[in-house]
Amino acid sequence: MAAVRFTAGILVFLLPAAVLSYGFPAALKLERAVPANHEMEISQLKARDRARHGRLLQSLGGVIDFPVDGTFDPFVVGLYYTKLRLGSPPRDFYVQVDTGSDVLWVSCASCNGCPQTSGLQIQLNFFDPGSSVTATPVSCSDQRCSWGVQSSDSGCSVQNNLCAYTFQYGDGSGTSGFYVSDVLQFDMIVGSSLVPNSTAQVVFGCSTSQTGDLVKSDRAVDGIFGFGQQGMSVISQLASQGLAPRVFSHCLKGENGGGGILVLGEIVEPNIVFTPLVPSQPHYNVNLLSISVNGQALPINPSVFSTSNGQGTIIDTGTTLAYLSEAAYVPFVEAITNAVSQSVRPVVSKGNQCYVIATSVANIFPPVSLNFAGGATMFLNPQDYLIQQNNVGGTVVWCIGFQRIQNQGITILGDLVLKDKIFVYDLVGQRIGWANYDCSMSVNVSATSSSGRSEYVNAGQFSDNAAPQSVSLDIVGNTLMLLLIMVINMFL
């Protein structure tokens with residue numbers, strides 16, 4: 001790390017020789033607009049520096065990385081979550097990664113009925129707007145409140161004139177609260193360097209009430225991180241500030257404790273196939289055309305998968321399993337059972353089709369393919385549609401992980417299907433892509449810089465503080481500016 005020395009009115013960088021060889025000066029004079037009497041609050045200085053910091057980052061752009069923990073396995077966790085740092089001073093909040101909703105919200109200090117502890121062995125926190133020097137409530141008249149009106153993500157509380165929200169999720173749980181604006185701290189990879197503790201002002205929810213599964217402590221988290229494409233989503237806010245591209249990617253590990261990679265940027269992998277997003281939908285809807293088992297298309301009317309009147313196929317990391325309508329579920333289960341009936345003993349457990357197996361499922365169960373518009377196919381291994389339930393006398397019971405949805409023409413592809421694959425959500429091109437992948441391996445991530453160039457980051461498995469173990473880029477520029485930003489971070 002470069003050493004830093006302060007003198008009167010001059011900020012001196014002791015730069016490494018490699019940097020000096022590019023012709024950069026070793027000393028920079030910075031003009032500081034501090035009053036002559038030096039009577040300026042530290043909070044004012046920090047606020048001004050953060051504003052400048054934001055402008056510096058905006059001029060650079062880059063890849064924003066979030067750490068991922070959790071697993072798809074419903075008998076272990078049944079969700080993937082990440083850690084965010086919010087407020088000044090920053091506090092850690094663990095939030096579920098959810099592509100099925102738009103808004104980031106965390107439990108508020110005044111929350112009624114919110115869980116106090118978590119079975120996930122994480123420390124739950126409560127956001128207190130009064131304890132953060134950079135937090136401000138969002139009023140009804142604030143233009144930012146209008147970002148979520150059309151998508152029903154925001155409304156006005158006539159009692160206190162605060163921009164408010166009420167959400168109901170598909171599992172029957174719900175939350176309500178009000179919006180605040182505060183600092184989100186994150187790690188950004190720009191040029192050839194990591195910029196830790198970067199900041200941006202974002203609007204998020206402060207939950208004052210929760211119901212349903214949200215209040216259960218067995219797998220409680222601090223909130224939900226919505227990755228939808230509406231105006232209130234963090235990815236939309238950061239993109240509008242020029243801090244992140246309108247594309248994000250994830251690679252969720254299925255085995256060995258789960259975890260994975262989540263970046264604001266495009267994971268680049270030659271085997272990725274893309275399908276168009278269905279336009280004008282509140283979720284990430286795609287056109288599923290057919291399902292094949294062992295290469296044979298199932299006898300399912302294509303209209304079962306059509307998108308209309310709340311029907312269609314949704315990509316949703318906030319859902320643990322996967323769901324099919326009755327018309328698709330029955331032929332799917334029948335095809336799987338017929339394919340393995342000579343090798344396993346089919347049983348029904350709690351209404352689910354299961355199989356008693358004495359060997360590996362990979363050697364018995366057939367491959368499944370989901371066929372989408374644009375010629376894109378998602379190939380499923382047996383572990384992508386089966387769930388291991390228990391052991392019986394030395395044998396293993398596996399059950400169909402796809403669940404039946406009655407009286408609804410909806411298909412939801414949750415973590416069971418999404419794990420062990422790269423997924424790219426290209427909001428500019430309005431498409432979603434995927435490829436089977438070992439998510440414990442490194443990935444290449446691309447982000448379009450302010451100059452229009454594509455920068456490529458080779459990121460290894462991220463550590464607990466979200467810094468990649470190794471970073472290599474094909475672009476060397478911005479080194480001096482990055483050192484300046486890192487110095488600013490040291491004194492905020």
Side-chain angles (χ1 to χ4, degrees), residues 54-55 57-66 82 84-86 93 95-106 136 138 142-155 163-165 167 169 175 177-188 198-207 223-250 262-267 276-286 314-318 423-433 445-450:
R55 291 194 298 273
L57 286 175
Q58 186 169 353
S59 69
L60 296 173
V63 174
I64 298 175
D65 152 51
F66 298 101
T82 185
L84 300 181
R85 289 161 286 176
L86 296 170
F93 294 89
V95 287
Q96 182 178 2
V97 178
D98 182 19
T99 60
S101 63
D102 297 312
V103 172
L104 164 65
W105 63 263
V106 295
T136 56
V138 178
D142 193 311
Q143 182 181 5
R144 293 171 296 182
C145 189
S146 65
W147 293 346
V149 171
Q150 187 174 1
S151 57
S152 300
D153 287 331
S154 63
C163 188
Y165 65 88
F167 300 137
Y169 297 99
T175 179
F178 60 93
Y179 285 105
V180 295
S181 175
D182 206 347
V183 169
L184 168 67
Q185 194 176 98
F186 50 86
D187 293 335
M188 176 179 281
S198 306
T199 60
Q201 201 79 15
V202 297
V203 173
F204 58 92
C206 200
S207 174
I224 291 180
F225 194 173
F227 273 83
Q229 52 185 324
Q230 304 301 323
M232 274 292 188
S233 70
V234 168
I235 187 170
S236 294
Q237 294 184 54
L238 294 179
S240 68
Q241 297 176 48
L243 296 178
R246 283 185 58 80
V247 56
F248 69 95
S249 311
H250 59 69
L262 173 64
V263 293
L264 303 192
E266 178 181 352
I267 295 180
L277 283 168
V278 180
S280 304
Q281 296 298 313
H283 304 293
Y284 291 116
N285 283 72
V286 290
I314 299 171
I315 307 290
D316 180 19
T317 61
F423 268 84
V424 175
Y425 301 72
D426 180 1
L427 306 188
V428 175
Q430 285 293 286
R431 60 181 188 164
I432 287 184
V445 184
S446 169
T448 302
S449 66
S450 56

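Note that the structure is a prediction, hence the values are computed from the model and not measured. This chain uses plain numbering: 1 for the first residue, then up along the sequence.
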Between the OG1 atom in T136 and the CG atom in D182, the distance rounded to the nearest 0.5 Å is 7.5 Å
Atom pair CD1/CG of I224 and D102 - distance to nearest 0.5 Å: 12.0 Å
With F227, which residues qualify under ring pair (Phe, Tyr, Trp, His ring centres under 6.0 Å), at least two apart? F225, F248
What's the separation between atom CZ in R85 and atom OG in S198, rounded to the nearest 0.5 Å? 9.0 Å
Using the test salt bridge (Lys or Arg N to Asp or Glu O under 4.0 Å), find all partners of D426 that sit at least two apart in sequence or belong to another chain. R431
With sequence neighbours excluded, tell me which residues meet side chain to side chain donor-acceptor pair (under 3.5 Å) with S249. none
Residue list, side chain to side chain donor-acceptor pair (under 3.5 Å) with D98, at least two apart or on another chain: S101
Holding to side chain to side chain donor-acceptor pair (under 3.5 Å), I want the full list of residues that pass it with Q201, two or more places apart in sequence or in another chain. S181
Verify, without hydrogens or angle tests, whether S154 (side chain) and C163 (backbone) share a donor-acceptor contact under 3.5 angstrom. no
Separation between CZ of F93 and CG of L86, rounded to the nearest 0.5 Å: 5.5 Å
Checking Y284 now: which residues fulfil ring pair (Phe, Tyr, Trp, His ring centres under 6.0 Å) with it, not counting sequence neighbours? Y425
Distance (rounded to the nearest 0.5 Å) between M188 CE and D65 CG: 11.0 Å
Please give me the minimum heavy-atom distance between S207 and T175, naming the atom from each residue. OG-OG1, 2.7 Å
Could I get the full list of side chain to side chain donor-acceptor pair (under 3.5 Å) partners for Q229, not counting sequence neighbours? Q430
Quick check: does any side chain N or O of T99 sit under 3.5 Å from a backbone N or O of T317, one acting as donor and the other as acceptor? yes
What pairs with Y165 under ring pair (Phe, Tyr, Trp, His ring centres under 6.0 Å), at least two apart in sequence or on another chain? F167, Y179
Value rounded to 0.5 Å, distance of CD in Q237 from CZ in F204: 10.0 Å
Taking the side chain as every heavy atom from C-beta outward, state whether L264 and I235 have any atom pair closer than 4.5 Å. yes
Who pairs with D142 by salt bridge (Lys or Arg N to Asp or Glu O under 4.0 Å), at least two apart in sequence or on another chain? R144
Who pairs with A200 by side chain to side chain contact (heavy atoms under 4.5 Å, CB included), at least two apart in sequence or on another chain? F186, L238, Q241, L243
How about I432 and V424: do any of their side-chain heavy atoms sit closer than 4.5 Å? no
Side-chain donor/acceptor of H283 to backbone N/O of I314, under 3.5 Å: no
